Amino acid sequence: MIVAALQFNPAFLDVHANLITLEEYLRGIEADLVVLPELCTTGYFFHDTAQLRSVAVHRDAEGLALFRDMAREHGMIVVAGFAERDGDRLYNSAATAFPDGRLEVYRKVHLFAEEKLHFTPGDGGFSVLRWGDRLRLGVMICYDWRFPEAARTLALRGAQVIAHPSNLVVAPKYWKPVMRARSFENKVFTISANRNGTEERRGDRLVFHGCSQIVAPNGTALEEVDEYFEGWLQTEISPANADEKAFSQWNDIMADRRPDTYQL
Ligand code: ACM
């Protein structure tokens, strides 16, 4: 299975321009699973909730049509971060569009910094999405990386691959090794698609550090790029490799767990 992550610099609030850019990228990739960054259609550094609301879309809306259409046309799964509107509530969400037209939405559970002013925390928990016998996929967004419980819950529920759309502002020297640990400690593939570029607001500046990576269940990076790279990183994986949780005849990282001794 070919998996890919997109690193690019979305135009703040210019949904139309971002959809054109994303369509070009999606038409140029042959893969089974592609992961796009967090909030990839809108940008990130909202001035206020009204501004966010003006670009947020309902999960059934035209705003997600590109991802549904590309999944159908190209026979691939598309995971894409977007600003979701549901009634009065706004969620920092990721859509997962399947080739058969199915669309699932993960709502970010752990909100970072000022996201707490604008978004409602995700209420759906961590679910594993099945693509027939081919793949069991988990989704978490950006700051969820800080919580081992997120990746662990997905792994315990059977995820082989965790898609991780991101707008990380913390230095890559922190989050990259931690995401490798998330792969290693759960024996799963992780795909972090992190945007790059900067956004400014009334004298404040956010720098997004790119450095996207695709990590194997043994914690090694299969593909990684630097901060300035724009485009796809891609590799071939066998999701079933994530089903082997033993590392010797004595030890199996899931069977050896002792939940009776933990406080979670
Ligand atoms: C983040 O969670 N977007 C840092």
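Everything numeric in this text was worked out from a predicted model, so none of it was measured. We count ligands from 1, going down the list as the structure has it; atoms in each ligand are counted the same way.
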Does any donor atom in the side chain of E38 or S166 lie under 3.5 Å from an acceptor atom in the other side chain? no

Donor-acceptor pair, side chain of T198 and main chain of L206, under 3.5 angstrom: no

Centroid-to-centroid, F82 to F67, below 6.0 Å? no

Do the side-chain N and O atoms of N251 and D256 include a donor-acceptor pair separated by under 3.5 angstrom? yes

Return the orientation label for the F119 and F46 ring planes: parallel under 30°, perpendicular over 60°, tilted otherwise. perpendicular

Check each protein residue for a heavy atom under 4.0 Å from ligand 1 and list those that pass, ordered by chain and number. E38, Y44, K108, F112, E115, C142, Y143, N167

Going by the ring pair (Phe, Tyr, Trp, His ring centres under 6.0 Å) test, which pairs reach into residues 133-188, not counting sequence neighbours? H110-F147, F112-Y143, Y143-F147

